[in-house]
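I have placed the structure first, in the form of structure tokens, so that the comments after it can refer back to it.
Please read these numbers as outputs of a predicted model, since none were measured by experiment. FYI, side chains are in, hydrogens and waters are out, and symmetry mates aren't considered; it's all heavy atoms of this structure. Every chain is numbered from 1, with letters handed out A, B, ... down the list of sequences.
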Amino acid sequence: MKIATWNVNSIKARLPNVLAWAKAAAPDVLLLQEIKTVDDGFPRLEFEDLGYNVATYGQKTYNGVAILSKRPLDDVQRGLGEKGEDVEARYIEAFTAGLRVASVYVPNGQEVGSAKFAYKLDFLARLMRHAKALLETEEAVVIGGDYNVAPEDIDAYDPDGWRNQVLCHPDERAGYRRLLNLGYVDAWRARHPGVQRWSWWDYRAGAWAKDHGLRIDHLLVSPQAADRLGSVEIDRKPRGEDKASDHTPVWCEIADANQA
DNA sequence: ATGGTCGCGCTGCGA
């Protein structure tokens, strides 16, 4: 089965792009971030027509996450289940197709040292605690999303220029690395050691044209899912199309449990 | 170039 993650930067503005990609790439599970709409505004019927079940955790104007799956979505959970998470819609998980999957939109953090940066670090800590609890179920787990962290220097086009900036600061890299220390695997990096590839290019300053990007969108897979990991790719093509999101999809294949 | 460009929703904020 194929699982993809994509920060679409408004599902309404991006609907033709997302429908076209979902049709062509045909992921079994599509994890979306920054849908930027309340649940009632999500174009549910258009995705149901493509054969997806839809679960959303929306919010007016900002944030918002969703899970689309060709299999039924069970045990849907919205938020990280700790105090303080109800304000911003940044996490949704469900059990589908024999896996637990989650779509996460980690706060951007705006500027190192700001209140928003502190909120980002706190969110990463809450995510870590929740991810740890998920591991204890010994289910196959895939937590995909926009982590807003370039894990290592190799994940930035100009690591020295980005050093100590938001998205690359050591404190947020440490927060992200704690997820790996629990036993989660960065699926794309596991399949492509030493390779540079971006998942996000700023709209500004001609970043796409100059290929100035960062790899900040990740699929973290539990050991049980890592044992079944197949191909993992970043699909650059949607970033170059008309009315593109500033992020592009990342996908992985997870073999059926009985084939592992 | 301390800039640049999007989306939301109608003014400036967030990314």
Side-chain angles (χ1 to χ4, degrees), chain A residues 5-21 31-44 46 56-66 84-92 103-124 127 144-151 155-169 171-173 175-176 198-218 234 236-250:
Chain A
T5 182
W6 194 3
N7 178 325
V8 294
N9 185 22
S10 169
I11 190 59
K12 291 179 189 172
R14 215 65 59 214
L15 187 58
N17 306 52
V18 180
L19 286 174
W21 190 81
L31 308 168
L32 301 177
Q33 300 87 39
E34 274 205 278
I35 60 174
K36 288 188 171 178
T37 176
V38 295
D39 293 337
D40 284 346
F42 192 92
R44 170 180 293 270
E46 286 84 343
T56 59
Y57 184 29
Q59 177 184 335
K60 182 178 156 69
T61 310
Y62 302 117
N63 310 315
V65 285
E85 170 54 25
D86 292 331
V87 185
E88 299 186 353
R90 294 182 176 276
Y91 182 89
I92 185 171
S103 177
V104 63
Y105 177 43
V106 174
N108 169 282
Q110 196 163 60
E111 191 178 346
V112 173
S114 67
K116 286 187 166 65
F117 190 71
Y119 180 72
K120 177 182 197 173
L121 297 181
D122 183 61
F123 184 93
L124 283 167
L127 178 62
D146 177 2
Y147 284 77
N148 267 317
V149 177
D155 298 308
Y157 76 89
D158 175 16
D160 290 326
W162 277 99
R163 197 167 310 287
N164 295 324
Q165 302 294 311
V166 73
L167 308 182
C168 294
H169 190 274
D171 291 350
E172 51 193 308
R173 284 179 168 174
Y176 172 85
W198 322 131
S199 68
W200 169 81
W201 298 255
D202 201 317
Y203 283 125
R204 298 168 291 186
W208 168 249
K210 293 185 275 192
D211 198 24
H212 288 179
L214 298 178
R215 190 175 71 93
I216 57 175
D217 300 87
H218 311 298
I234 300 175
R236 290 170 55 97
K237 218 167 105 193
R239 182 62 180 86
E241 290 170 357
D242 286 344
K243 297 280 290 175
S245 170
D246 46 351
H247 297 252
T248 213
V250 184

Which pairs pass salt bridge (charged side-chain N to carboxylate O under 4.0 Å, His left out) with one or both residues in residues 113-124 of chain A, sequence neighbours excluded? A:K120-A:E172, A:D122-A:R126

Please report the distance separating the P of B:dG12 from the corresponding atom of B:dT2, rounded so that it comes out in whole Å. 24 Å

Heavy-atom closest pair, residues A:G109 and A:V166: C-CG2, 3.9 Å

Scan A:K210 against the nucleic acid and name what it touches under 4.0 Å (heavy atoms): base, sugar-phosphate only, or nothing. nothing

Side chain to side chain contact (heavy atoms under 4.5 Å, CB included) with A:Y147: of A:L167, A:T5, A:V104, only one passes, and it is A:V104

Under 4.0 Å between a side-chain N or O of A:K243 and OP1 or OP2 of B:dG7? yes

Rounded distance in Å between the C1' positions of B:dA1 and B:dT5: 15 Å

Can you list everything that forms a salt bridge (Lys or Arg N to Asp or Glu O under 4.0 Å) with A:R14? Sequence neighbours excluded, please. none

Expressed in whole Å, how much space separates the C1' atoms belonging to B:dC10 and B:dC6? 16 Å

Mutual orientation of the aromatic rings belonging to A:H247 and A:W200 [parallel < 30°, tilted 30-60°, perpendicular > 60°]: tilted

Separation of atom CD1 in A:I35 from atom C1' in B:dG7, rounded to whole Å: 14 Å

Please figure out whether A:G206 or A:I11 has its closest DNA chain B nucleotide nearer the 5' end. A:G206

According to the interplanar angle, ranging from 0 to 90°, do the rings of A:Y176 and A:H218 count as parallel (below 30°), tilted (30 to 60°) or perpendicular (above 60°)? tilted

Interface polar pairs with nucleotides 13-15 of chain B, N/O, under 3.5 angstrom:
from: B:dA15; atom 1: N6; to: A:R204; atom 2: NH1; distance (Å): 3.4

Just how far, in rounded Å, is C1' of B:dC6 from CD of A:E241? 17 Å

